[in-house]
Amino acid sequence: MNEQLDTLLSETRRFPPPPAFAARAAATETLYHAGRDPQKFWEEQARSLDWMSPWTEVLVWKPPHARWFTGGKLNAAANCLDRHLAGYRKNKPAIIWEGEPGDQRVLTYAELAREVGRCANALKSLGIRRHDRVAIYLPMIPEAAIAMLACARIGAVHSVVFGGFSAESLRDRINDAQAVAVITADGGYRRGQLLPLKRFADEAIAETPSIKHCIVVRRGREAAVSLQGDRDHWWHELLERASPNCEAEAMDAEDLLFILYTSGTTGKPKGIVHTTGGYLTQVAATTRYVFDLRDDDVFWCTADVGWVTGHSYVVYGPLANGATVVMYEGAPDWPERDRFWSIVGRYGVTILYTAPTAIRAFMKWGTAHPARHDLSTLRLLGTVGEPINPEAWIWYREQIGGGRCPIVDTWWQTETGGIMITPLPGVTTTKPGSATVPFPGISAELVDASGRALERGGGFLTLTEPWPGMLRTIYGDDERYQQTYWSRFPGRYFAGDGAKLDDEGYWWILGRVDDVLNVAGHRIGTMEVESALVDHPSVAEAAVVGKTHELKGQALAAFVTLKEGKQISPSLKDDLKEHVVRKIGAIARPDDIIFSADLPKTRSGKIMRRLLKDIAEGRALGDTTTLADPAVVNRLKEMYEDKES
Ligand code: PRX
């Protein structure tokens, strides 16, 4: 076994569920027993939804194509709205929204249902029908959730395109799905600026012949928008004219609910296809059990609805459970770096679900910001999207969770639809940095390069049985679906992640295998090196990439940001290299350390290692349109070239 695994395996801290939490938890040990019969387990979970007609078969599995709950009919929007209207939840807040400038809106379930009904009728009035595709290009405003649910209500397929994507990205996604309408806004606020979404949409629509209609939400007070002829409509005018009552279409369990594009590492983005019954079953069940959801919870998943996390844990999962969700439009450091904690304090957030990269930013900004606010309502914390280094995990637990909240580190993907590997907070003893074990009813297996199953050690994460929320195909390209996910290890779904299993059967996700480097024949997870670097007292954040090396195959280049107030001393580079050697071993010693004031990130907060790699290799930069601040990359490139000269 190589040294990188030893480093993680040496993590000895254990956090059993607090007894008081465990005593009241929604999920108990019995859920794991139930999960041993996956089909029975998922059928049981499906029963908690409202079906218009029952399924005849739980699973039809013709590898690699699965059909769940065939013959069953349901409507996702009706499950998220109508069934909560009969009782006390009618006047319960469904969405508590805060705009970046500080404006607020609260929509009860009854109000949300009326808005969704109006929007659904408005779409119908434009001739939009079952199975039509509708692109949604909105900021984080309630209309994003309303538009998604309105599509679901009439059986149209939504394709949400993250508001941070460029006009060209929007154009390509619209064309791939042949969408007939796009729902956008005049703008959305980010760090005090109004992002002109309608202008980008106009640019996109110039090259998307399938678009017949563009619906525009008025968000910005100062935005100048030109509406074009019969094509463009103001959202508020359409909805004003529309009735709030719109019957929900009875959809087949396997009818498409949405397409969501993932920016793959190469080539054009893949349109990941999700269907109705299985997806909703999985996101509803995982929300209930992983987040221990109770009726009085205030649930805040900080993801944008432009990403799968927003689909599954801002909209469908929580609303299917009748929860109150918080939605926030803007940046975590606007106007101050305490914005998240101010939101948690003011709305009494009880469950917070965010990304490790955000947590690392908060660490860098210092404890004074959370300390200023009352975080005592929090009872459960979650993370998603990338491996979390143990230091960030502990910081989150101590500084945000006050040492009392369990942490659920949840591994899953756009393709899996819902959470796959995660603790159950009242049951599973957690280890900082480990996503722990598969959710009940999920079968994950580690394999080596030849596809042989491994009991422990390092390898590739695969899934051996179909699960209800799994992608059904890649839109318009089933061949690519089979090739991408099912060909590397025949008979298995290959997630693209490297992982390891420890002696207790706990999963430690090492990250995408394209981020796993091979240095002199040793495999090194970039996350391992990053974790070691951020463990150094001066380092706030680090990103590590491989660069071609004549002798070793690959060498490590580390981009490092320092904590506020820390200086670059003459010996710091050597100190950091030695620190890594101390934490991991000589094979992980970075060849290059480049100090930087910031790291290039997507607007969803992921470090773009691909760009760092381009810099390290001295290549031309790839697509930077998803960057929050493209200038960061250029600054880094310059710094790197300075170093080389
Ligand atoms: O590499 C894994 C990482 O994020 C990838 C999926 O990205 P995406 O489809 O954008 O979905 C992100 C939100 C579900 C995975 O292949 N990833 C996700 N969650 C974790 C993770 N890596 C480690 N730990 C996690 N908890």
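For reference, positions follow the sequence shown, starting with 1. Start at 1 and go down the list; that is how both ligands and their atoms are numbered.
- Ring centroid separation for the pair W486 and Y493 comes in under the 6.0 Å cut-off.
- Neither the backbone nor the side chain of A435 has any atom closer than 4.0 Å to an atom of ligand 1 (non-hydrogen atoms only).
- At least one N or O atom of T410, backbone or side chain, sits closer than 3.5 Å to an N or O atom of ligand 1.
- Checked against the 6.0 Å centroid threshold, W300 and F340 count as a close aromatic pair.
- Residue D409 has at least one nitrogen or oxygen atom sitting less than 3.5 Å from a nitrogen or oxygen atom of ligand 1, judged on distance alone.
- If you number the atoms of ligand 1 from 1 as listed, the ones under 4.0 Å from a heavy atom of V384 come out as 13 (C), 14 (C).
- Remark: the T410 side chain and the Y353 side chain contain an N/O donor-acceptor pair separated by less than 3.5 Å.
- Atoms CD and CG, on Q413 and D497 in that order, are 5.5 Å from each other to the nearest 0.5 Å.
- With ligand atoms numbered from 1 in the order given, ligand 1 contributes 13 (C), 14 (C) to contacts under 4.0 Å with heavy atoms of T309.
- In this structure, L380 and V290 approach most closely via the heavy-atom pair CD2-O, 3.7 Å.
- Looking only at side-chain heavy atoms (C-beta outward), I259 and R133 come within less than 4.5 Å of each other.
- For residues 418-447, every residue pair satisfying the salt bridge (Lys or Arg N to Asp or Glu O under 4.0 Å) rule, not counting sequence neighbours, is listed here: K431-D502, K431-E504, E445-R492.
- Taking each of G385, G382, S434 in turn, the one with a heavy atom nearest to atom 17 (N) of ligand 1 proves to be G385.
- Taking a 4.0 Å cut-off on heavy atoms, T262 fails to register as neighbouring ligand 1.
- Contacts between I421 and ligand 1, counted as non-hydrogen atom pairs separated by less than 4.0 Å, are absent for every part of the residue.
- Proximity of G496 to ligand 1 is not established, as no heavy-atom distance is less than 4.0 Å.
- If you look at T414 next to ligand 1, the close heavy atoms, those under 4.0 Å, come from the backbone and the side chain alike.
- Within the 4.0 Å heavy-atom criterion, both parts of Q413, backbone and side chain, lie near ligand 1.
- For the residues E415, E386, H311, the heavy atom positioned nearest atom 21 (C) of ligand 1 is part of E386.
- Judged purely by atom type and a 3.5 angstrom limit, N321 uses its side chain to pair as donor or acceptor with the backbone of G317.
- Legend: side chain to side chain donor-acceptor pair (under 3.5 Å) pairs involving residues 387-404, not counting sequence neighbours, sorted by first then second residue: R360-N389.
- Using a 4.0 Å cut-off between heavy atoms, K606 contacts ligand 1 through its side chain alone, with no backbone atom that close.
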